[in-house]
Amino acid sequence: MRSQNIAASTEFPSVADTVEPAALEARGITKSFHLGSSGLKSGRTLQAVRGVDLVVPKGKTVGVVGESGCGKSTLARILVGLDQPTTGTLRVLDEDLATASAPRRKDLLRRVQMVFQSPFTSLDPRMTIERSIREPLDVLRGKQTKKQKTARVHELMAQVGLPQEMATRYPAQLSGGQQQRVGLARSLAAGCEVIICDEPVSALDVSIQAQVINLLKDLQNELGVSYVFIAHNLSVVRTISDYVAVMYLGRIVESGPADSVFESPKHPYTKALLAAAPTPDPDIEARDRISLQGDLPSPLDVPTGCAFRTRCWKATEICGEKQPELANDLDPAHQFACFHPE
């Protein structure tokens, strides 16, 4: 049993505070959306992300898991620069985006790209594959000649496993896996060092998922690119991730090295997620299933204290009074926010 301190602020230790240099670092990130008033009801505030710290070491993968509505995609949009955090700091290659000059900020954000869940809707159906991949080169590297850009496009296609003859095809003529490869090629064309993968394989068949995962690993080994990998499929997350962060209602409730989190989960929510993952043995699945009580609370009305207490079988009075801190005195690398860990 570890000693547990009470959180005095929203600043948590990061998921991967290591000696490795960071490609991307988020500290104390919050994101609130103010909803307009309607009739007799005054406006309300939706807290999508609540005090998240995340460090992505260079050449490593950080997996982010949690139920729908826990804030994963909002966090992804903040990390890639599509949304601005309400509070907190975001550093790319150890430079603070908030204090960087406008040209430098643009250059830093170019280093962080996103691969979306639906590969087809993320591509322009009127553009050929070659034009789609060349678009970042046209925007960011305008001084290159057309011949140089075409050569670079063909090089990128080879890197992601697309034959050159597909350059003249349109997205509708490609499979889901091939479309996702085009998305990866577009990210690499921008010269990125961090790719935010938001459910990148959930829309693909299992066999295609394995091919895309293997491609991501190969690109990481070859280019040293870092990933933030967001997914529901825990087996996929474990396969690709070096570190894992478990989110619940906008907060990270457990984080650490992937093997440690999966083999020795501490937070009840993490245990429930792992127990819900399907297994090939029905006897094991039936015996180890954990049934959570109730639905995920609304982010418009987050429970006091520990947000998970309304569904937790281990909740006590203190869980409703105070918010547990994300910490672990015995093993700082594997942290969890719970008053009653096992």
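All figures in this text were calculated on a predicted structure; none of them were measured in a lab.
- In this structure, Glu67 and Met247 have side chains that are not in contact, with every pair of non-hydrogen atoms separated by 4.5 Å or more.
- Glu135 and Arg186 are joined by a salt bridge, as a carboxylate oxygen and a charged side-chain nitrogen come within less than 4.0 angstrom of each other.
- Residues Thr128 and Thr168 have side chains that never bring a donor and an acceptor to within less than 3.5 angstrom of each other.
- For the 3.5 Å distance criterion, the side chains of Ser255 and His334 fail to qualify, holding no donor opposite an acceptor.
- Not counting sequence neighbours, the partners of Asn233 by the side chain to side chain donor-acceptor pair (under 3.5 Å) test are Ser235.
- A donor-acceptor pair shorter than 3.5 Å cannot be found between the side chains of Lys314 and Thr316.
- Looking only at side-chain heavy atoms (C-beta outward), Leu234 and Phe262 come within less than 4.5 Å of each other.
- Leu249 is listed as a side-chain neighbour of Pro303, based on a closest heavy-atom distance under 4.5 Å.
- One finds the CD1 atom of Ile78 at 7.5 Å from the OG1 atom of Thr30 (value rounded to the nearest 0.5 Å).
- One side chain, Thr304 or Arg309, offers a donor N or O that lies under 3.5 Å from an acceptor on the other.
- The salt bridge (charged side-chain N to carboxylate O under 4.0 Å, His left out) search around Glu199 returns none, not counting sequence neighbours.
- Side-chain heavy atoms closer than 4.5 Å link hydrophobic residues (I, L, V, M, F, W, Y) into clusters, and following such links, even through other members, never connects Met157 to Phe120.
- Hydrophobic clustering of Ile, Leu, Val, Met, Phe, Trp and Tyr side chains at less than 4.5 Å, counting indirect connections, keeps Met127 apart from Val182.
- Listed by chain and number, the residues in a side-chain contact (heavy atoms from CB on, under 4.5 Å) with Arg77 are Leu82, Asp83 (sequence neighbours excluded).
- Looking at Ile252 and Val64, their side chains never come closer than 4.5 Å, going by heavy atoms from C-beta outward.
- Applying the salt bridge (charged side-chain N to carboxylate O under 4.0 Å, His left out) criterion to Glu95, with sequence neighbours excluded, gives Arg104.
- Inspection of the Gln178 and Arg169 side chains reveals no N or O donor paired with an N or O acceptor under 3.5 Å.
- Although no hydrogens or angles enter the test, the distance criterion places a donor-acceptor pair under 3.5 Å between the side chain of Gln209 and the main chain of Val201.
- Using a 4.5 Å heavy-atom cutoff, the side chains of Cys338 and Pro324 are not in contact.
- Note that CD1 of Ile230 is 11.0 Å distant from OG of Ser202, once rounded to the nearest 0.5 Å.
- Val153 and Tyr170 are members of different hydrophobic clusters when ILVMFWY side chains are connected at heavy-atom separations under 4.5 Å.
- Expressed to the nearest 0.5 Å, how far CD1 of Ile133 lies from CG of Leu156 amounts to 6.5 Å.
- In this structure, Thr239 and Lys217 have side chains that are in contact, with non-hydrogen atoms separated by less than 4.5 Å.
- Heavy atoms of other residues, nucleotides or ligands lying less than 6.0 angstrom from CD of Gln164 number 12 at most.
- A distance-only check finds a donor-acceptor pair linking the side chain of Arg91 to the backbone of Asp94 [under 3.5 Å].
- His34 contributes no side-chain N or O that, together with a main-chain N or O of Arg44, makes up a donor-acceptor pair within less than 3.5 Å.
- Note: Leu90 CG to Arg105 CZ = 8.0 Å, rounded to the nearest 0.5 Å.
- Ionic pairing of Lys149 and Glu155 is not present here: no N-O contact between side-chain nitrogen and carboxylate oxygen is shorter than 4.0 angstrom.
- Note that OG of Ser132 and CZ of Arg126 are 10.5 Å apart. Values are rounded to the nearest 0.5 Å.
- In this view, Phe229 satisfies the ring pair (Phe, Tyr, Trp, His ring centres under 6.0 Å) rule with no residue, not counting sequence neighbours.
- In this structure, the ring pair (Phe, Tyr, Trp, His ring centres under 6.0 Å) partners of Tyr248, at least two apart in sequence or on a different chain, are Tyr269, Phe308.
- One side chain, Gln220 or Thr61, offers a donor N or O that lies under 3.5 Å from an acceptor on the other.
- Side-chain contact between Asp259 and Arg238 is present, with at least one heavy-atom pair separated by less than 4.5 Å.
- Between Ser226 and Glu193, the closest side-chain pair of non-hydrogen atoms is not below 4.5 Å.
- Rounding to the nearest 0.5 Å places CG of Asp242 at 5.0 Å from NZ of Lys60.
- Remark: the backbone N or O of Pro171 is paired with a side-chain donor or acceptor of Gln179 at under 3.5 angstrom.
- Donor-acceptor pairing under 3.5 Å is recorded for the side chains of Ser73 and Asp198.
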Show the numbers, then the answer: is there a side chain to side chain contact (heavy atoms under 4.5 Å, CB included) between Arg131 and Asp138?
-> CA-CA 10 Å; Arg131 284 188 60 198; Asp138 293 335; over 6 Å; no
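- Side chain of Asp205 to backbone of Ile208: no donor-acceptor contact under 3.5 angstrom is found.
- In plain terms, the two heavy atoms of His154 and Ala167 that are nearest each other are NE2-CB, 4.5 Å.
- A donor-acceptor pair under 3.5 Å is absent between the side-chain atoms of Glu263 and the main chain of Ser260, judged by distance alone.
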